[in-house]
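Lettering of chains follows the sequences in order, A, B, ..., and the numbering in each one begins at 1. The figures here come from the full heavy-atom set of this structure, side chains too, leaving out hydrogens, waters and symmetry mates.
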Number of protein chains: 2
Amino acid sequence: MSDLTKLKHEFAKSSIFLVAIGDEKRQSIIIALMDQKIIRRGLQVTDLVDVTGLSRPAVSHHLKILKDVSLVDYRSEGTKNFYYLSHENKEINKLKALLDDVTEVIKCNRQL
Amino acid sequence: MSDLTKLKHEFAKSSIFLVAIGDEKRQSIIIALMDQKIIRRGLQVTDLVDVTGLSRPAVSHHLKILKDVSLVDYRSEGTKNFYYLSHENKEINKLKALLDDVTEVIKCNRQL
DNA sequence: TTTAATGGTTTAAAATAATAAACCAAGAAA
DNA sequence: TTTCTTGGTTTATTATTTTAAACCATTAAA
């Protein structure tokens, strides 16, 4: 399998992650989760509703997408769920590696 | 302006770029443009129609989006337009810097 | 000066995604 | 047990994207 074919696969796999973090509504959720002044133990859905101005079903929907790409994680305490940014940056690192590969290909092409 | 506020702005600005490269149809265009065995002098719209299996208006539409985020550039020769990946990686580098910042914030939060 | 080739644009239709309302389930508190 | 809180899910609607058809403009070739 050629390097370009591998890159193509990596690119396709990154698609879901890129779309997930590209949406501005989801970005506002990510930003809220980054703000430790509020978080500390994680944010509840209702907190995110307040901060983002989105409805509860919308927050729930977007959180599901962010959970699916392993960017967000949560911990349950009774009926309460506390959401936080996943400590593992696997997807972020994969994307960084992909961007490096693309830059490399462009650089090589330029030298031809 | 706090670091987080700056990050928020950077994030929002990256949104268009993330959505642009997140789409699988556009990724297939990017991949085709990366393949120097075909390119050399750049690819024409009709070449991209063949490679991607998309219609001409669709290719034209997606190329416009990729041009708008400065990922794709082109050169005209008569009626022919030759498309290629922009040699400047400004947007890619901006995104890499953003991802680094996000990773940094997550790391800091973890240590609290 | 016709005619053919290339490709961008506009518009209407189709596909997809996002949203809110209504509902359901589980745990905590009364 | 009953009631309240928290929050996930399903469905129908709305909004957004994507697409193709039809059209127009430009340049090259005949």
**Student:** Can you tell me which nucleotide in dT19(D), dT9(C), dT6(D) comes closest to the side chain of Ser60(B)?
**Tutor:**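 Taking heavy atoms from C-beta onward, the closest nucleotide is dT9(C).
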**Student:** Going 5' to 3' through nucleotides 12-17 of chain D, assign each nucleotide B (protein heavy atom under 4.0 Å from a base atom), S (under 4.0 Å only from sugar-phosphate atoms) or - (no protein heavy atom that close).
**Tutor:** ------
**Student:** For Gln27(B) and Ile21(B), which heavy atoms make the closest approach, and how far apart are they?
**Tutor:**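 Nearest heavy atoms, Gln27(B) then Ile21(B): NE2-O, 3.0 Å.
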**Student:** Which atom pair, heavy atoms only, marks the closest approach of Leu85(B) to Met34(B)?
**Tutor:**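 What the structure gives for the nearest pair is CD1-CG, 3.2 Å.
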**Student:** Can you run down the salt bridge (Lys or Arg N to Asp or Glu O under 4.0 Å) pairs that involve residues 57-69 of chain A, sequence neighbours left out, and say none if there aren't any?
**Tutor:**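 Every candidate salt bridge (Lys or Arg N to Asp or Glu O under 4.0 Å) pair involving residues 57-69 of chain A fails, so no pair, neighbours aside, qualifies.
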**Student:** To the nearest Å, how far apart are Phe82(A) CZ and dG7(D) P?
**Tutor:**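 Taking CZ of Phe82(A) and P of dG7(D), I get 8 Å after rounding.
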**Student:** Report the distance from atom CZ of Arg75(A) to atom P of dT6(D), rounded to the nearest whole Å.
**Tutor:**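 Checked: the CZ to P distance equals 16 Å.
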**Student:** At how many degrees, to 10°, do the end axes of the helix from dT1(C)-dA30(D) to dA30(C)-dT1(D) meet when each uses five pairs?
**Tutor:**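 Helix axis angle between the two ends: 10°.
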**Student:** Distances under 3.5 Å between protein N/O atoms and the N/O atoms of nucleotides 20-30 of chain D, please, pair by pair.
**Tutor:**
unit_1  : atom_1 : unit_2   : atom_2 : d
dA20(D) : OP2    : Ser55(B) : OG     : 2.3

**Student:** Mind listing the closest non-hydrogen atom pair of Leu4(B) and Ile31(A) along with its distance?
**Tutor:**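 Leu4(B) and Ile31(A) have their closest heavy atoms at CD2-O, 4.3 Å.
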**Student:** For the side chain of Asp35(B) and the backbone of Ala32(B), is there at least one donor-acceptor N/O pair under 3.5 Å apart?
**Tutor:**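 Checked: no pair found.
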**Student:** Between atom CD in Glu24(B) and atom C1' in dA15(C), what is the gap in whole Å?
**Tutor:**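 Roughly 15 Å, once rounded to whole Å.
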**Student:** Which pair of non-hydrogen atoms, one from Ser28(B) and one from Thr52(B), has the smallest distance, and what is that distance?
**Tutor:**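 For Ser28(B) and Thr52(B), the tightest heavy-atom pair comes out as OG-CG2, 3.5 Å.
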**Student:** Side chain of Lys25(A), heavy atoms from C-beta onward: which of dA18(C), dT19(C), dT9(D) has the nearest atom to it?
**Tutor:**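 Side chain of Lys25(A) sits closest to dT19(C).
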**Student:** Please check if the side chain of Asp23(A) supplies one atom and the backbone of Arg26(A) the other of a donor-acceptor pair under 3.5 Å.
**Tutor:**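 Such a contact is found between Asp23(A) side chain and Arg26(A) backbone.
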**Student:** Do Leu71(B) and Glu91(B) have side chains that approach each other closer than 4.5 Å (heavy atoms only, starting at C-beta)?
**Tutor:**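 Not in contact.
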**Student:** Rounded to the nearest angstrom, tell me the gap between atom CG in Asp47(A) and atom P in dT6(D).
**Tutor:**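 It is 10 Å, rounded to the nearest whole Å.
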**Student:** Rounded off to whole Å, could you give me the CG-to-P distance for the Leu63(B) and dT6(C) pair?
**Tutor:**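 The distance from CG of Leu63(B) to P of dT6(C) comes to 16 Å, rounded to the nearest Å.
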**Student:** Output the rounded distance in Å from NZ (Lys67(B)) to P (dG7(C)).
**Tutor:**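 It is 11 Å, rounded to the nearest whole Å.
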**Student:** A side-chain contact here means heavy atoms from C-beta on lying under 4.5 Å apart; do Val59(B) and Thr46(B) qualify?
**Tutor:**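 Val59(B) does not reach Thr46(B) side chain to side chain.
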**Student:** Which residue pairs pass the side-chain hydrogen bond (donor to acceptor under 3.5 Å, both in side chains) test when at least one of the two sits in residues 6-16 of chain B, sequence neighbours left out?
**Tutor:**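 Pairs touching residues 6-16 of chain B that pass the test: none.
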**Student:** Report yes if at least one side-chain N or O of Tyr83(B) is closer than 4.0 Å to OP1 or OP2 of dG8(C); otherwise report no.
**Tutor:**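 Yes, because at least one side-chain N or O of Tyr83(B) sits under 4.0 Å from OP1 or OP2 of dG8(C).
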**Student:** Between dT6(C) and Asn81(B), is there an OP1 or OP2 to side-chain N/O distance shorter than 4.0 Å?
**Tutor:**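 Checking Asn81(B) against dT6(C): no side-chain N or O falls below 4.0 Å of OP1 or OP2.
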**Student:** Hey, could you give me each pair passing ring pair (Phe, Tyr, Trp, His ring centres under 6.0 Å) that has a residue in residues 43-78 of chain B? Not counting sequence neighbours.
**Tutor:**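 Counting only pairs at least two positions apart or across chains, the ring pair (Phe, Tyr, Trp, His ring centres under 6.0 Å) contacts touching residues 43-78 of chain B are Tyr74(B)-Tyr83(B).
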**Student:** Does a nitrogen or oxygen in the side chain of Lys64(B) sit under 4.0 Å from OP1 or OP2 of dT9(C)?
**Tutor:**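 No, because none of the side-chain N or O atoms of Lys64(B) sits under 4.0 Å from OP1 or OP2 of dT9(C).
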**Student:** How close do Ser76(B) and Asn81(B) get, counting heavy atoms only, and between which atoms?
**Tutor:**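 That would be OG-OD1, 3.0 Å.
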**Student:** Calculate the interatomic distance between Asp68(A) atom CG and dG8(D) atom P; express it in whole Å.
**Tutor:**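 From Asp68(A) CG to dG8(D) P: 13 Å.
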**Student:** Nearest whole Å is fine: how far is dT18(D) P from Leu66(B) CG?
**Tutor:**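 One finds 11 Å between P of dT18(D) and CG of Leu66(B), rounded.
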**Student:** Can you tell me if the side-chain N/O atoms of Gln44(A) get under 4.0 Å from OP1 or OP2 in dT6(D)?
**Tutor:**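 For dT6(D), neither OP1 nor OP2 has a side-chain N or O of Gln44(A) closer than 4.0 Å.
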